[in-house]
Structures are given as structure tokens and as C-alpha cells.
**Student:** 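So that we are looking at the same thing, I have put the structure below in C-alpha cells.
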Amino acid sequence: MSRFLHPRYETLEAYTPGEQPRDRAYIKLNTNESPYPPSPQVLSTITQEEVENLRLYSDPEGKILCDKLAGLYKLSPKNVFLSNGSDDILNFAFMAFGQAGAAFPTITYSFYPVFGELHGVPCERIPLRKDFSIEPSDYFGKNKLLLITNPNAPTGMALFRMQIRRIVEANPHSVVLVDEAYVDFGAESCAPLVSEYSNLLVVMTYSKSRSLAGARLGFALGNAELIADLNLLKYSTNPYNVNRLTLAIGAAAVDSDAYFRANCARIIETRENTTKALESLGFCVLPSKANFLFTKREGISGAALYQALKARGILIRHFNKEPIADFIRVTIGTNEEMAAFLSATQEILREEGLL
Ligand SMILES: *Cc1c(COP(=O)(O)O)cnc(C)c1O
């Protein structure tokens, strides 16, 4: 830390992204990326001409992409906000809508408290139920910026649209942000509710179901006034926050939506098969609607499993905090990757005398 840093940031604890190690080739099941490449239409977007056009600024409105996303979600372009990954939107949401504080589950996306600290927004943490589900009525009448990850991370468990609707109705004086990073893997999206409520912001990303984590593209769907607020902050920080290539790729991905839906269906099938296989090895697996599983096995700690899998060239995610320290989070890869994960896991359990 330099002596020049503003004192307000001296104690800021930054978000820790999942590791991206380069020491050897790993089977990467640790950051919820898609195991499948983007669609052929996306790949063919990157022409020499597009690259040459990088000398020009991108369209700050991203009009072509906004129009396409509006069409896909049956909204107006005024209801769509584009950003450099959806983390950008979360940042803006804390800046814009955090004046009364924020509230979110104790176990959820670990970036939220970082934004809270960054912007001086006091954060209330609401415990999950014993079964790790979210109790909607715990969020009624808070009238703070609410953050509901649906499906939740790292549990993978989802609320129904109707349950979120009740939360939105019970907080008329604050924004309810539904982070739908994983919604395409089997949960109900709240996008159809956007035109009904002025305080609902649905946040989505291209990073998971659309196989474009490296392109950095996220978007929010909401009432036109909420979207205008986000634009105010965007135009006050970085008006060209989405680059030209990513705008083009994003539009091509909407055009090939069926390709991505098919990938999601494959991932869902692999998830269900992996769940059964883990259960037959004695694992407890939370019911997941995401592209990952949250699971634990009696007799071996999450940390020990993480280390033993890493030694075998398989990366998964472990969170060293209670009450989830016993769990591991495993991204759903290809069938081959999951077979490798399962056989390594079986080997580890045998060595530990647990099978
Ligand atoms: C991955 C993820 C995001 C954000 O991803 P971006 O790559 O910044 O779009 C947001 N919320 C949750 C819960 C996530 O898991």
C-alpha cells in the first residue's frame, strides 16, 4: 500500500476470484465457466474487418445489442443496460441504490460485501434456513437494496418466480436486484416481471450459459428509470465500457440463442448424472439449478478434498468458512471431465478408507 492511497480504502478487503493457475494443465471445475465453446456464429464474428475497426470507439449505447436483447426478453431497449461483465452492474447498483443500506443472505456471492464496503453501504446478512434455502419472508419490509442471487451461489438452490415477486412487492421503497448469473440452467427468470415493477432489476451475464466469460459482457433488465440511473453512473465513469468486439459477439450470441439453450440442456443432463454418481459415493448434494454442485461427504473435509483433487489435476472451489467449510463447489464440465472428477474422487475416498 502506498502512502498515497485514500484512507477510506486502507481496510478494504478485495474480492478473491477463483484461481486461474498456469503451473500445469488442470481440469477446471472451479469458476463455473462453460466447458463448451461459443456458437459458430459468435466465432465467425471476429473477422479481420472487425479487428481493423478497433481503431474506432464502440457505440456507447450498444444499440444493436440492446435491441436484440430487448427482443429476446420481450422488453423495450429502454429496459436494457449493457456492461463490462455483470460485476460492473452490481458495482453501479450499490453506488446508485444503496442509500438505505443493503441486505443479502449470509451465504451468497461473496462480491456483494466488497461493494458494500467500497461504497460505504452498510450490509445486513440474513441467514439461510437449515437446508440452505432462502426464506422469502425474511426479506419482507426491509426496504434496503436487496440482492437475491437466483439460483443462489454457491448453493445452486433456486427460488420460484412467485417467491421473488412477493419479495419485490414487500419492498416498495427499495430496489430488489435479482442476480440471474445461473438462471439459464433450470430456474425461473424474473425477466417477465420487469414490466410490472418499478423496483426490480434483473441482472444477467454472458459469462456462464453463453460461454463468454472472457469477453466480459453483462446486462441488466429493469424499469426505464432504473436503467437511466445506471446509465448516469456509466456515463460518469466509462461511457465505452463494452468494447466493439464484445458488442458484436453479444449480438451474434443472441442470434444463436438456440445453440446456447442446447448447451444448457447438455450441462443440465450432466449435472443430474453427476448428482446421482456423487450420491452413490455417499455425498450429500444440494438440489442445484445451476451449472455447479455444492456437496459434502461425511468423513472428509472440504479442504482435504480440494487438496487431494488438485494434486490429481482437478480444480474445484472450496470456501473456508462456516457453515460451508465441509462443502466443495464443483462446476459441471463435459461428461469426460466429470468422469475424471468422479474417478479421482472415488480413489481419494478409497485411500481415506471411506469406501
Ligand atoms: C459469475 C457471477 C457473476 C458475474 O460475472 P461477470 O463475469 O462479471 O458477468 C455475478 N454474479 C454471480 C452470482 C456470479 O456467479
Side-chain angles (χ1 to χ4, degrees), residues 14-20 28-35 38 62 65 69 80-94 102 104-116 118 123 125 128 132 134 145-159 164 176-187 189-191 201-222 230 234 237-238 241-243 246-247 249-250 253 260 264 267 271 286 288-294 316-317 319 324 327 329-332:
Y15 174 72
T16 318
E19 54 187 332
Q20 304 283 2
K28 266 191 99 274
L29 306 177
N30 68 326
T31 46
N32 298 340
E33 291 141 325
S34 174
L65 178 54
L69 286 169
V80 183
F81 176 78
L82 301 178
S83 71
N84 191 318
S86 60
D87 290 334
D88 234 13
I89 303 171
L90 303 174
N91 183 42
F92 288 145
F94 272 86
F104 44 86
T106 43
I107 307 296
T108 191
Y109 191 32
S110 52
F111 217 144
Y112 302 150
V114 180
F115 290 126
L118 179 62
C123 294
R125 315 292 304 254
L128 298 177
F132 294 96
I134 289 172
L145 171 64
L146 294 183
L147 297 115
I148 307 285
T149 306
N150 194 48
N152 197 10
T155 64
M157 293 171 70
L159 291 174
I164 295 180
V176 178
L177 186 154
V178 185
D179 184 340
E180 296 193 348
Y182 302 104
V183 79
D184 296 329
F185 300 104
S189 174
C190 286
L201 196 63
V202 175
V203 175
M204 300 201 195
T205 176
Y206 275 65
S207 295
K208 316 287 167 40
S209 58
R210 290 182 173 96
S211 306
L212 285 164
R216 311 305 304 127
L217 184 59
F219 57 100
L221 306 173
L230 294 175
K234 162 181 145 165
T237 42
N238 182 6
N241 67 341
V242 184
N243 74 74
T246 294
L247 284 176
I249 282 171
F260 293 101
C264 290
I267 288 167
R271 176 185 76 205
L286 299 190
S288 173
K289 295 284 184 201
N291 67 336
F292 55 83
L293 295 173
F294 205 50
I316 50 120
R317 190 101 195 244
F319 301 90
I324 55 170
F327 283 80
R329 191 196 69 190
V330 185
T331 304
I332 301 301

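One-based numbering, in listed order, for ligands and for the atoms of each.
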**Student:** For ligand 1, which atoms sit closer than 4.0 Å to a heavy atom of Gly85?
**Tutor:**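 Here the atoms of ligand 1 in question are 8 (O), 9 (O).
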**Student:** Can you report which non-hydrogen protein atom sits closest to atom 1 (C) of ligand 1, along with the distance?
**Tutor:**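 Heavy-atom neighbour on the protein nearest atom 1 (C) of ligand 1: Lys208 NZ, 1.4 Å.
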**Student:** If you count the atoms of ligand 1 from 1 in the order shown, which ones are under 4.0 Å from a heavy atom of Thr149?
**Tutor:**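 Taking each heavy atom of Thr149 in turn, ligand 1 has 13 (C) under 4.0 Å.
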**Student:** Within the side chain of Arg216, is there an N or O that forms a donor-acceptor pair under 3.5 Å with the backbone of Ala213?
**Tutor:**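 Yes, Arg216 side chain to Ala213 backbone: donor-acceptor pair under 3.5 Å.
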**Student:** Where is the nearest protein heavy atom to atom 11 (N) of ligand 1: which residue, which atom, and how far?
**Tutor:**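 Result for atom 11 (N) of ligand 1: Asp179 OD2, 2.7 Å.
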**Student:** For ligand 1, which atoms sit closer than 4.0 Å to a heavy atom of Ala181?
**Tutor:**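 Those atoms are 2 (C), 11 (N), 12 (C), 14 (C).
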**Student:** Provide the number and element of each atom of ligand 1 under 4.0 Å from a heavy atom of Ser207.
**Tutor:**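 So the answer, numbered in order with elements, is 6 (P), 7 (O), 9 (O).
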**Student:** With atoms numbered from 1 as shown, which atoms in ligand 1 lie under 4.0 angstrom from a non-hydrogen atom of Arg216?
**Tutor:**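 Counting atoms of ligand 1 from 1, those under 4.0 Å from Arg216 are 6 (P), 7 (O), 8 (O).
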**Student:** Scan Asn91, Thr205, Leu217 and name whichever one has a side-chain contact (heavy atoms from CB on, under 4.5 Å) with Ser86.
**Tutor:**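 Answer after filtering Asn91, Thr205, Leu217: Thr205.
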**Student:** Run Asp87 and Tyr15 through side chain to side chain donor-acceptor pair (under 3.5 Å) and show every step you take.
**Tutor:** CA-CA 11 Å; Asp87 290 334; Tyr15 174 72; over 6 Å; no
**Student:** Quickly, which of Tyr109, Tyr112, Phe111 forms a side-chain contact (heavy atoms from CB on, under 4.5 Å) with Leu147? Name it, please.
**Tutor:**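 It is Tyr112; the other options fail the test.
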**Student:** Side chains of Arg125 and Pro113, heavy atoms from C-beta outward: is any pair under 4.5 Å?
**Tutor:**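 In contact.
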**Student:** Could you tell me if Tyr206 and Thr246 have a donor-acceptor pair between their side chains, going purely by distance under 3.5 Å?
**Tutor:**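 Looking only at side-chain atoms, Tyr206 and Thr246 do not form any donor-acceptor pair under 3.5 Å.
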**Student:** Considering only protein heavy atoms, which is closest to atom 15 (O) of ligand 1, and at what distance to one decimal place?
**Tutor:**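 Heavy-atom neighbour on the protein nearest atom 15 (O) of ligand 1: Tyr182 OH, 2.5 Å.
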**Student:** Pairing donors with acceptors under 3.5 angstrom, does anything connect the side chains of Asp88 and Ser83?
**Tutor:**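 On atom types as modelled, these side chains do not qualify, holding no pair under 3.5 Å.
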**Student:** Would Ser86 count as being in polar contact with ligand 1, using the rule that some N or O on each side must be under 3.5 angstrom apart?
**Tutor:**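 Between Ser86 and ligand 1, an N or O pair is found under 3.5 Å apart.
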